[in-house]
**Student:** 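Dropping the structure in here first, questions after.
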2 protein chains.
Amino acid sequence: MARAGLSGARLAQAGAELADEVGFEQVTVSALARHFSVQVASLYSHVRNSDDLKARIATVALTELADQAAAALAGRAGRDALHALADVYRDYARTHPGRYTATRHTAAASVLGEQYVDAGRRHSELVRAVLRGYDLGEPAQTDAVRLLGSTIHGYITLELAGSFSHSEPSASDSWPRIIDALDTLLRSWS
Amino acid sequence: MARAGLSGARLAQAGAELADEVGFEQVTVSALARHFSVQVASLYSHVRNSDDLKARIATVALTELADQAAAALAGRAGRDALHALADVYRDYARTHPGRYTATRHTAAASVLGEQYVDAGRRHSELVRAVLRGYDLGEPAQTDAVRLLGSTIHGYITLELAGSFSHSEPSASDSWPRIIDALDTLLRSWS
DNA sequence: GTATTTGCCTAAAGCCTTTAGGCAAACTGG
DNA sequence: CCAGTTTGCCTAAAGGCTTTAGGCAAATAC
């Protein structure tokens, strides 16, 4: 019997792709086993359980997103950097909805941790790097990190859920105007 | 055999309470049947399926939240109204985390609809009512509705997930400052 | 007080998770 | 190149959640 060549990393990768196709919640150990034409029990040699699998997928996604954000921020500052960062998040969520959902699956973070937490730290640092263009002290800077994170994540979540698709203007039209508004706000943060 | 007195409404109500105790994702037809000391199959006379149950819980929660928001907004305007609305959402999410999660479970909305959509419309109208204090035209007003919804929902989601609990200042300290920042922003929206 | 409706039951099939134990393929060193 | 060891995938099985079908009894209606 030929071996399928499974491994924790390959399962996480395939799981991430599956999440984008059928939705993160629909990713199951069984579905992944079918994908590899392998018995379900075989996957349990590579993954502790279903939560562990989801945590690995979340880590893959969060890391991938941090890489893209870092690349987009290179050589940019101020308003330009803010738009670049925001667009990376939104574009990632639109092209990889399952993976984006996975990044926020913190229930699973308690199972793995380590690399997930590292990737999370990279994200905060990238946001703080953007904020260096706005000259904020503490606690304003932390407030601003939270404001940006909340607004960007909130907008993406609502758009993905279809909340903006039944009214004008299009979600893509509002987006840059909202990011510009945040830029203005940060510039005049008391 | 004494009857338990089940009904769609009672199941939705009990389901909402269960969601706050164990988390919305953990609410299952089986768990609810156990709660009523009744056979699982019995619930299927009152609820079409698991998604239907979740959609009913979502509707209960969204309606309850709209009621509270409407009450809090009575007699308020401007900055005052904005804080009141924002606080209603955040307080509701903190006291009823399962129900708050349910309100955003739009996958289920396709199953039921009607009342859920109604409650959703009430929420948009309340936000627009708050924005009347800021004198915005279109498309600025719609942009502002989306900004407020995104930031408030995003902040609540991240706070609930524990994203703000490992750094200073506390989530409760940042919150009013962020809402104030939004007030300032709306006041000077170009 | 009979007739009808309604509510909860038993039974059963299907899918997902997870553990235990086994055989064979693939590396490892002489 | 071929033993010995590791590793990978297998079969088997138990337990939980969902959902449908069909039945008996309690509540309601006339």
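All values below come from the heavy atoms of this structure, side chains included, with hydrogens, waters and symmetry mates left out. Each chain gets a letter, A, B and so on, in the order the sequences are listed, and its residues count up from 1.
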**Student:** How would you list, by chain and number, every residue that makes a ring pair (Phe, Tyr, Trp, His ring centres under 6.0 Å) with F24(B), sequence neighbours excluded?
**Tutor:**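 Scan of F24(B) (ring pair (Phe, Tyr, Trp, His ring centres under 6.0 Å), adjacent residues dropped) gives H105(B).
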**Student:** CG of L43(B) versus P of dC8(C): gap in Å, rounded?
**Tutor:**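 About 9 Å, once rounded to whole Å.
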**Student:** Would one find a side-chain N or O of S50(A) under 4.0 angstrom from OP1 or OP2 of dT17(C)?
**Tutor:**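 Yes, such a contact exists.
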**Student:** For the side chain of L6(B), starting at C-beta, report the closest nucleotide among dC8(C), dC16(C), dC9(D).
**Tutor:**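 Closest nucleotide to the L6(B) side chain: dC8(C).
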**Student:** Excluding sequence neighbours, so at least two apart, what forms side-chain contact (heavy atoms from CB on, under 4.5 Å) with H96(B)?
**Tutor:**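 Once residues adjacent in sequence are excluded, the partners of H96(B) under the side-chain contact (heavy atoms from CB on, under 4.5 Å) criterion are D20(B), Y92(B), R99(B).
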**Student:** Using OP1 and OP2 only, check whether a side-chain N or O of H46(A) sits under 4.0 Å from dC9(D).
**Tutor:**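 For H46(A), the contact criterion (side-chain N or O under 4.0 Å from OP1 or OP2 of dC9(D)) is met.
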**Student:** For DNA chain D, which residues of residues 18-28 of chain B approach it to below 4.0 angstrom with any heavy atom?
**Tutor:**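 Heavy-atom cutoff 4.0 Å gives T28(B).
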**Student:** Counting heavy atoms not belonging to D173(B), are there more than 12 under 6.0 Å from its CG?
**Tutor:**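 Above 12, so yes.
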**Student:** Could you tell me whether the phosphate oxygens of dC16(C), OP1 or OP2, come under 4.0 Å of any side-chain nitrogen or oxygen in R34(A)?
**Tutor:**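 Affirmative; the distance criterion is met.
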**Student:** For the hydrophobic clusters of this structure (ILVMFWY residues joined by side-chain heavy atoms under 4.5 Å, transitively), does one cluster hold both L43(B) and V22(B)?
**Tutor:**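 Linked within one cluster.
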**Student:** Measure from the side chain of Y44(A), starting at C-beta and using heavy atoms only, and say which of dC9(D), dT19(C), dT19(D) lies closest.
**Tutor:**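 Between dC9(D), dT19(C), dT19(D), the one nearest the side chain of Y44(A) would be dT19(C).
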**Student:** Looking at R122(A) and D118(A), is there a salt bridge between them, counting it only when a charged N and a carboxylate O are closer than 4.0 Å?
**Tutor:**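 A salt bridge is absent here (no side-chain N lies under 4.0 Å from a carboxylate O).
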**Student:** Pick out which of L182(B), T151(B), I178(B) makes a side chain to side chain contact (heavy atoms under 4.5 Å, CB included) with T151(A).
**Tutor:**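 The single option meeting the side chain to side chain contact (heavy atoms under 4.5 Å, CB included) with T151(A) is T151(B).
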**Student:** Just the rounded figure in Å: distance from C1' of dG8(D) to CZ of F36(A).
**Tutor:**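 For the pair F36(A) CZ and dG8(D) C1', the rounded distance is 14 Å.
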**Student:** Please tell me whether Y155(B) and W175(B) form a close aromatic pair, meaning their ring centres lie under 6.0 Å apart.
**Tutor:**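 Ring centres of W175(B) and Y155(B) closer than 6.0 Å.
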**Student:** Looking only at the side chain of A41(A) (C-beta and beyond, no hydrogens), which of the listed nucleotides dT20(D), dC9(D), dA12(D) gets closest?
**Tutor:**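 Of all the options, the side chain of A41(A) is nearest to dA12(D).
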**Student:** Using atom CG of N49(B) as one end and atom C1' of dT18(D) as the other, report the distance to the nearest whole Å.
**Tutor:**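 Roughly 9 Å, once rounded to whole Å.
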**Student:** Students often get this wrong, so: under 4.0 angstrom with heavy atoms, is S30(B) touching a base, only sugar-phosphate, or nothing?
**Tutor:**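 Base contact.
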**Student:** Return the value, rounded to whole Å, for the distance between atom CD of Q39(B) and atom C1' of dT19(D).
**Tutor:**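 Atom CD in Q39(B) sits about 14 Å away from atom C1' in dT19(D).
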**Student:** Return the value, rounded to whole Å, for the distance between atom CG of D52(A) and atom C1' of dT17(C).
**Tutor:**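 That distance rounds to 14 Å.
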**Student:** Taking only side-chain N and O atoms of S42(B), does any of them lie within less than 4.0 angstrom of OP1 or OP2 on dG7(C)?
**Tutor:**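 Answer is no, no contact under 4.0 Å.
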